[in-house]
Visitor: 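Before anything else, here's the structure in question.
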Amino acid sequence: MANEKFEWLENAWYGGIADDRHSGIAASFADGKGLEIRKNPKSLKLAFASDKQSGSVVTDLPLAFVTIKSTGDVIAFGDTGKIYRNATGAGTWVNVYTDSSSRKIMDAFEFNSFLYWCTPTHLHRIPIANIDASWVITTDVTEDYKAFTNDNTNSHPMTEHNNNLYIGDGNLLAELDSALVFTANKLTIFGDEEIRALTISGSSLNIYSRKSNLTNFGAQYLWDGISSAYNNRWLWRQMIHAAINNGGYDYVLAGKRPVIYYVVGGQRVKLKVIPGVSAAQSCVIHHNAIDMQEDLLCFGPAESGTNSVGRGVWTWGALLKEYPQVLNFDYPNSNDNATDTVGAVHESNGVLYHSWKQSTNYGIDYVNTAKYRATGQITSRVQRGQRITDQKHITDGYMGFEELDTGEAINVYLRSDKDDSFTTAEMTVTAAANPTTNELNQGAPFTVSDWNLLQYQVILTAGTSQLTSPELLEVGFQYEKVNDAK
């Protein structure tokens with residue numbers, strides 16, 4: 001009598017990156033990068049490409065971006081004092097100014113007709129009306145406009161509240177009011193903490209702090225902007241990296257092994273642990289490597305730490321209420337290097353930018369919606385069958401896909417049990433070999449050995465000039481038991 005056959009079929013990947021290789025919500029996968037999973041929830045396509053837009057112009061790591069509201073200029077601020085301008089967001093970057101002492105610029109903000117930026121010791125500014133292709137000190141730029149007290153070298157987060165500009169400086173919150181009166185110590189938090197992020201919570205200011213990037217400790221303060229002291233303080237047992245407000249609540253990235261939190265007032269909910277950081281490792285994220293686009297949280301690891309987190313822009317959220325909020329690694333850096341430093345993430349007029357550094361190479365990438373990534377991949381969660389102890393054998397494999405355009409390809413790999421890698425493509429379709437079909441059925445033999453645990457990996461390859469993407473609709477396998485569990 002013929003052995004009973006079983007089927008492993010997957011035809012949706014909208015569940016995003018799973019909690020681990022064995023467990024996750026429906027339609028989730030163990031790992032992936034460079035793929036679009038939300039816009040067409042029942043299929044898999046390549047994400048848009050992250051292209052380097054800055055050429056050879058950018059020669060340090062931008063740690064902050066600002067978009068000028070009246071012109072659409074995108075301004076980037078580097079860690080050796082260089083300032084870059086992308087006029088009207090048209091795509092050409094120019095080094096318009098360099099700090100006279102090459103000081104690190106950590107934060108910037110447009111406020112009351114001026115553009116302000118922070119080095120460790122001072123606040124600087126230029127009138128918005130003077131922003132052009134070349135800025136001149138004294139004539140245009142006022143360096144050392146105001147002096148900080150703590151001279152914090154890690155972050156000076158900035159935000160506007162009640163027509164005042166607030167700036168973090170270690171354990172002090174500085175204020176520049178609408179009359180340009182500067183108070184370096186408007187508010188004081190605990191002395192061994194440094195302010196990492198500022199958000200608006202209703203009529204109050206949320207202040208997030210950490211002790212250092214080596215201590216898994218943070219705190220959250222609520223201040224009404226009027227009282228001489230903060231109104232509330234909530235302790236976090238996580239270092240706080242970055243925070244951003246989105247419609248009445250905050251997203252916060254916190255922890256030695258970073259976690260995405262949802263925060264309202266003093267209440268917080270753990271949403272997702274970022275994968276790729278083991279218990280013995282760490283991942284620190286720059287405080288400006290966070291923004292929102294189309295209601296998706298966008299963030300970029302990493303500032304420091306030993307880990308295997310993908311470098312580029314990750315996203316959290318959903319585009320439609322019918323689907324779950326999930327994590328995806330959409331936009332690897334243009335150089336796709338596993339040890340890049342990501343400095344800042346910024347959304348401007350629908351365009352997503354991020355800055356990166358690799359050794360002495362620097363760049364500003366943008367998500368190019370006219371071009372797909374060259375390749376993208378996912379790795380499935382582990383298939384166990386009915387019982388792990390049953391040894392199993394694959395008899396058939398199949399794929400369903402939209403008809404391929406020139407240059408497109410889909411490859412499916414398998415690995416059994418705890419094999420270290422996916423070595424041989426078990427199923428391949430290309431536009432050249434499969435020009436007018438939308439399915440592939442393949443029988444044995446498969447190179448993967450009999451298995452107790454099984455994973456597949458799909459690699460999509462873009463079409464000519466990366467102008468088109470293959471679209472995978474389903475992948476599946478039939479298998480039978482080789483022996484019954486005892």
Side-chain angles (χ1 to χ4, degrees), residues 52-69 71-89 92-111 114-128 130-137 140-146 148 151-160 165-169 174 176 195-198 242 244 285-291 300 303 341-348 351-357 362-366:
K52 186 177 181 182
Q53 193 179 60
S54 55
S56 60
V57 172
V58 172
T59 56
D60 62 355
L61 177 63
L63 298 179
F65 290 95
V66 171
T67 297
I68 305 303
K69 63 184 180 183
T71 63
D73 288 3
V74 184
I75 313 295
F77 300 83
D79 66 351
T80 63
K82 292 182 171 63
I83 300 177
Y84 308 95
R85 176 180 179 239
N86 175 4
T88 71
T92 300
W93 291 91
V94 176
N95 179 194
V96 293
Y97 189 75
T98 301
D99 182 83
S100 61
S101 300
S102 300
R103 291 169 290 187
K104 175 183 179 181
I105 304 175
M106 294 171 284
D107 290 274
F109 202 87
E110 180 181 358
F111 174 68
F114 284 87
L115 176 62
Y116 293 89
W117 61 93
C118 300
T119 56
T121 59
H122 287 84
L123 181 67
H124 317 264
R125 73 176 191 172
I126 184 174
I128 298 298
N130 289 28
I131 292 176
D132 57 15
S134 180
W135 307 356
V136 179
I137 192 169
D140 300 312
V141 173
T142 303
E143 287 195 1
D144 301 346
Y145 174 63
K146 302 292 181 182
F148 296 120
D151 301 343
N152 188 269
T153 59
N154 294 317
S155 58
H156 284 289
M158 308 171 76
T159 195
E160 182 180 358
L165 179 63
Y166 290 101
I167 308 165
D169 175 34
L176 181 68
I195 296 173
R196 193 69 177 170
L198 303 172
I244 191 168
I285 298 171
H286 270 293
H287 67 285
N288 284 327
I290 188 170
D291 211 336
E303 176 184 355
T341 296
V342 175
V345 175
H346 181 65
E347 192 279 338
S348 177
V351 180
L352 191 63
Y353 298 90
H354 59 282
S355 61
W356 55 266
K357 170 188 176 182
Y362 304 89
I364 295 175
D365 286 359
Y366 80 112

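As a basis for the values below, the full set of heavy atoms in this structure was taken, side chains included, without hydrogen atoms, waters or symmetry mates.
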Visitor: Say whether, by atom type as modelled, one donor and one acceptor occur between the side chain of Lys104 and the main chain of Thr153 under 3.5 angstrom.
Guide: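 Side chain of Lys104 to backbone of Thr153, a donor-acceptor pair under 3.5 Å: yes, one is there.
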Visitor: Ring centroid separation for Tyr116 and His124, is it under 6.0 angstrom?
Guide: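 Here the rings of His124 and Tyr116 have centres that are no less than 6.0 Å from each other.
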Visitor: Are the side chains of Phe109 and Glu160 in contact, using a 4.5 Å heavy-atom criterion?
Guide: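 Contact flag for Glu160/Phe109 side chains = yes.
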Visitor: Using the ring pair (Phe, Tyr, Trp, His ring centres under 6.0 Å) criterion, which residues pair with His354? Sequence neighbours excluded.
Guide: none
Visitor: Would you check if the side chain of Asp169 reaches a backbone N or O of His156 as a donor-acceptor pair within less than 3.5 Å?
Guide: no
Visitor: Nearest heavy-atom pair of Ser54 and Trp93: which atoms, and what distance?
Guide: CA-CD1, 3.9 Å
Visitor: How many angstroms lie between atom CD of Glu347 and atom CD1 of Ile290, to the nearest 0.5 angstrom?
Guide: 14.0 Å
Visitor: Flag the pair Met106 / Pro120 as yes when at least one side-chain heavy-atom distance between them is below 4.5 Å, and no otherwise.
Guide: yes
Visitor: For Asn130, check side chain to side chain contact (heavy atoms under 4.5 Å, CB included) against everything at least two apart and list the hits.
Guide: Ile126, Pro127, Asp140
Visitor: Is there a side-chain contact between Tyr353 and Val74 in this structure, where contact means two heavy atoms from C-beta onward sitting under 4.5 Å apart?
Guide: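 Tyr353 reaches Val74 side chain to side chain.
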Visitor: Indicate whether the side chain of His287 and that of Asp107 have a donor and an acceptor atom separated by less than 3.5 Å.
Guide: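 Distance-only check passes for His287 and Asp107.
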Visitor: If you look at every heavy atom in Ile105 and Phe77, which pair is closest and at what distance?
Guide: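 Closest heavy-atom pair between Ile105 and Phe77: CG2-CB, 3.4 Å.
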Visitor: Output, in order, the C-alpha distance, side-chain angles, deciding distance and verdict of side chain to side chain contact (heavy atoms under 4.5 Å, CB included) for Ile167 and Leu123.
Guide: CA-CA 9 Å; Ile167 308 165; Leu123 181 67; 3.8 Å; yes
Visitor: Roughly how far, to the nearest 0.5 Å, is the CG atom of Leu63 from the OG atom of Ser355?
Guide: 6.5 Å
Visitor: Provide the closest heavy-atom pair for Leu61 versus Trp356 in the form atom of the first, atom of the second, distance.
Guide: CD1-C, 3.5 Å
Visitor: Does any part of the side chain of Ile75, heavy atoms only, come nearer than 4.5 Å to the side chain of Leu115, both counted from C-beta?
Guide: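 Yes, their side chains come closer than 4.5 Å.
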Visitor: From Lys146 NZ over to Cys118 SG, what is the distance, rounded to the nearest 0.5 angstrom?
Guide: 13.5 Å
Visitor: Of all residues at least two apart in sequence or in a different chain, which pass the ring pair (Phe, Tyr, Trp, His ring centres under 6.0 Å) check with Tyr84?
Guide: none
Visitor: Does any non-hydrogen side-chain atom of Ile364 lie less than 4.5 Å from one of Lys52?
Guide: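 No; the side chains remain at least 4.5 Å from each other.
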Visitor: Taking the side chain as everything from C-beta on, heavy atoms only, tell me whether Phe114 gets closer than 4.5 Å to Leu176.
Guide: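 Side chain of Phe114 against side chain of Leu176, heavy atoms only: no contact under 4.5 Å found.
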Visitor: Taking all heavy atoms of Ala64 and all of Ala108, pick out the closest pair and write down the distance.
Guide: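 In terms of heavy atoms, the two residues are closest at CB-N, 4.1 Å.
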Visitor: Could you grab the distance from atom CD1 of Ile137 to atom CG of Asp99, nearest 0.5 Å is fine?
Guide: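 Separation between the atoms: 7.5 Å.
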Visitor: For the backbone of Ser100 and the side chain of Glu143, can you confirm whether one donor and one acceptor N or O come within less than 3.5 Å of each other?
Guide: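 Confirmed, Glu143 side chain pairs with Ser100 backbone.
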Visitor: Could you list the residues that satisfy side chain to side chain contact (heavy atoms under 4.5 Å, CB included) with Thr142, not counting sequence neighbours?
Guide: Arg125, Tyr145
Visitor: Sequence neighbours left out, what pairs pass salt bridge (charged side-chain N to carboxylate O under 4.0 Å, His left out) with at least one residue falling in residues 71-82?
Guide: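 Applying salt bridge (charged side-chain N to carboxylate O under 4.0 Å, His left out) to every pair that reaches into residues 71-82, excluding sequence neighbours, yields Asp73-Arg85.
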Visitor: Looking only at heavy atoms, which two atoms of Met158 and Leu165 are closest? And how far apart?
Guide: CE-CD2, 3.9 Å
Visitor: Given 3.5 Å as the limit, does a donor-acceptor pair link the side chain of Thr119 with the main chain of Gly81, or not?
Guide: no
Visitor: Closer than 3.5 angstrom, by distance alone: can the side chain of Asp60 be matched with the main-chain N or O of Pro62 as a donor-acceptor pair?
Guide: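 No; judged by distance alone, with no hydrogens or angles, the pair does not exist.
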Visitor: Check the pair Ser134, Val96 against side chain to side chain contact (heavy atoms under 4.5 Å, CB included), reporting the backbone distance first and the verdict last.
Guide: CA-CA 5 Å; Ser134 180; Val96 293; 5.7 Å; no
Visitor: Begin with the C-alpha distance, continue with both residues' side-chain angles, and end with the deciding distance and a verdict on side chain to side chain contact (heavy atoms under 4.5 Å, CB included) for Ile83 and Thr98.
Guide: CA-CA 6 Å; Ile83 300 177; Thr98 301; over 6 Å; no
Visitor: Taking C-beta and beyond as the side chain, do Pro157 and Ile195 meet within less than 4.5 Å on heavy atoms?
Guide: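 Sidechains of Ile195 and Pro157: in contact.
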Visitor: Work out which heavy atom in His286 is nearest to a heavy atom in Gly343; give both atom names and the distance.
Guide: CB-O, 3.3 Å
Visitor: List for me each residue that meets side chain to side chain donor-acceptor pair (under 3.5 Å) alongside Asp291, sequence neighbours excluded, and say none if there are none.
Guide: none
Visitor: Do Thr121 and Arg103 come close enough that some side-chain heavy atom pair is under 4.5 Å?
Guide: yes
